[in-house]
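These notes are about the structure you will find just below.
All values below come from the heavy atoms of this structure, side chains included, with hydrogens, waters and symmetry mates left out. Letters A, B, ... mirror the listed sequences (proteins, then strands); counts begin at 1.
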There are 2 protein chains.
Amino acid sequence: MEMNKATQENINSWISQINVDYKLALSVDCVIFGYTEADLFIALTRCDMPPYEGDFSLVGDLVRPHENLDEAAQRILHDRTGLPNVYLEQVQTFGNINRHPLGRVVTVAYYSLIKLDEYYDKLPFDDYMVWKNIKEVKSLAFDHKEILDICLSRLQKQMKEQPVGFNLLPKKFTLNQLQQLYEVVLDLKLDKRNFRRKLKSLDILQDQDEVQTDVSHRPAKLYSFNLAMYHQNGIDGFLF
Amino acid sequence: MEMNKATQENINSWISQINVDYKLALSVDCVIFGYTEADLFIALTRCDMPPYEGDFSLVGDLVRPHENLDEAAQRILHDRTGLPNVYLEQVQTFGNINRHPLGRVVTVAYYSLIKLDEYYDKLPFDDYMVWKNIKEVKSLAFDHKEILDICLSRLQKQMKEQPVGFNLLPKKFTLNQLQQLYEVVLDLKLDKRNFRRKLKSLDILQDQDEVQTDVSHRPAKLYSFNLAMYHQNGIDGFLF
DNA sequence: TCAAAAGTGTTAATGATACACCCATGT
DNA sequence: ACATGGGTGTATCATTAACACTTTTGA
């Protein structure tokens with residue numbers, strides 16, 4: 001087997017310079033998940049670039065020279081939603097040659113989670129920003145449907161393994177709301193008693209000593225997620 | 001909360017052009033794991049770029065205009081090892097502003113797995129390519145130690161969840177070799193009988209009807225991983 | 001016959017699943 | 001009093017964890 005000695009000059013070698021002929025653009029695309037009333041939504045914008053005119057696309061932008069990737073994602077999130085410090089996670093980078101009609105655009109995909117219940121009033125609903133039920137999203141501009149699918153899989157995996165779901169619920173929630181969240185996002189049915197036993201054993205919820213109001217039935221107790229308790233217990237795996 | 005309307009012109013909008021002022025380079029860095037004789041190794045090169053002269057670095061190169069990210073990683077792997085079709089997986093993209101002294105270089109990190117036992121003779125050992133026991137790697141040039149750590153964590157996670165480990169062993173292996181692999185990579189101790197029972201229950205190994213030769217003790221039976229059986233059984237989770 | 005690793009079962013503990021009724025509240 | 005969701009326990013089953021001796025081979 002032969003070696004390609006040429007590659008011994010590479011990006012990590014002093015000999016090479018950064019070749020400006022290698023022109024490309026780097027963007028960040030955000031899969032923004034929102035949850036409310038037992039439905040998972042995703043934030044989309046209208047695309048007006050041929051050949052995708054009229055299609056929806058993810059929310060994204062070029063990475064600016066002075067910002068790190070996470071910062072770019074956080075900026076995009078903030079510009080679009082007005083919310084600071086949104087939960088964000090890098091998922092995967094997509095760089096196929098022909099994925100963008102304007103040239104070579106490599107994009108780093110993030111997923112983010114938004115408490116729609118809490119922020120509903122504050123979020124913009126206009127031509128540039130719509131929330132679509134994820135079940136209704138059949139296709140998107142560019143390779144954004146593929147990106148969405150992969151980010152959704154990642155979200156589902158994370159939900160099973162880590163307490164990320166709480167970023168989709170209001171600070172105070174009922175156990176049924178929590179169970180519904182898992183059922184909707186993971187697309188499965190859970191047993192109420194087993195679910196509650198499991199959560200009790202995890203010991204990561206704080207009883208708020210409050211109950212629901214404005215419900216026409218017995219009000220449920222409210223809980224909040226307690227990160228400190230989670231860390232204390234050294235759990236590594238939720239497993240629903 | 002106010003919106004930044006300016007960002008409604010973005011990379012996914014027809015109005016914007018790809019701004020060539022956003023100059024950056026995109027590279028791929030490969031964390032190449034190799035395994036032999038109960039030790040996990042990683043392929044490194046010497047770096048001669050200030051301020052990291054003399055340090056070791058991961059194997060990487062710029063992504064070329066005509067190649068997808070996976071192709072770039074595969075090319076780098078092939079150039080360095082001479083091996084075609086190496087197991088590869090994208091892990092994460094690192095783009096901090098000052099991570100590279102020559103300017104803004106965003107790098108997509110991959111990990112890859114090599115059967116050192118099988119290819120030992122064919123692999124280059126020269127000034128440009130060394131295999132270092134992973135336990136001895138305390139620091140690397142650039143942010144490569146961080147990249148290594150994250151890729152190692154990812155490998156460990158994958159090993160627990162999917163049958164990737166077989167890419168580190170020769171095609172035919174003994175059950176003890178397999179167990180040792182898990183013990184070394186995951187840094188834990190496994191019970192021989194439980195390990196074997198578990199593997200039998202998974203039903204993913206094919207008995208080769210062969211035994212070890214050249215050992216001065218009772219020779220062990222040889223097995224191989226059978227991908228078709230794995231898929232048939234619809235397992236999703238190894239869990240060691 | 002000795003050294004060295006191969007190979008093999010059982011028990012106890014833990015965790016997961018399945019399942020049905022009474023309770024508290026608002027209307 | 002009725003409708004609505006809130007809240008609770010037990011029994012079975014499956015999985016995991018702990019543990020030690022006999023067998024086969026080459027030297």
Practice task
Could you check how far CD of A:Glu210 sits from C1' of D:dG6, rounded to whole Å?
Solution key: 17 Å
Handout entry: Close residues, residues 171-193 of chain A, relative to DNA chain D [heavy-atom separation under 4.0 Å]
Key = A:Asn176, A:Lys192, A:Arg193
Handout entry: Ring centre gap for B:Phe173 and B:Phe166 strictly below 6.0 Å
Key = yes
Fill in the blank from the handout: To the nearest angstrom, the CZ-P distance between A:Phe195 and D:dG7 comes to 13 Å
Problem - Selected nucleotide, minimal atom distance to B:Asn194 side chain, candidates C:dC19, D:dA18, D:dT25 - result: D:dA18
Exercise for the section: Would you tell me if any nitrogen or oxygen in the side chain of A:Arg196 comes within less than 4.0 Å of OP1 or OP2 on D:dG7? Expected result: yes
Problem - Separation of C:dG7 P from B:Lys198 NZ (nearest whole Å) - result: 20 Å
Fill in the blank from the handout: Atom CG of B:Leu199 and atom P of D:dT16 are separated, to the nearest Å, by 12 Å
Exercise for the section: Can you tell me the distance, in whole Å, between the CZ atom of B:Arg197 and the C1' atom of C:dT10? Expected result: 9 Å
Handout entry: Rounded distance (nearest 0.5 Å) linking atom OH of A:Tyr182 with atom CG of A:Asp187
Key = 15.5 Å
Problem - Proximity of B:Phe142 and B:Phe94 rings by center, below 6.0 Å - result: no
Completion exercise
CD1 of A:Ile76 to CG of A:Asp29, rounded to nearest 0.5 Å, is 7.5 Å
Exercise for the section: Using a cut-off of strictly less than 4.0 Å, decide whether A:Lys221 has a side-chain nitrogen or oxygen near OP1 or OP2 of D:dG7. Expected result: no
Completion exercise
Whole-Å distance, A:Arg218 CZ to C:dT25 C1', equals 9 Å
Completion exercise
When B:Pro219 and A:His217 are each assigned the nearest nucleotide of DNA chain C, the 5'-most assignment goes to B:Pro219
Problem - Within 6.0 Å of CD in B:Gln208, more than 12 heavy atoms from elsewhere - result: yes
Exercise for the section: For the residue pair B:Arg196 and B:Asn176, confirm or rule out a side-chain donor-acceptor distance under 3.5 Å. Expected result: yes
Fill in the blank from the handout: Ranking A:Lys200 and A:Ser216 by the position along DNA chain D of their nearest nucleotide, the one closer to 5' is A:Ser216
Exercise for the section: State whether a side-chain donor-acceptor pair under 3.5 Å links A:Asp70 with A:Tyr110. Expected result: yes
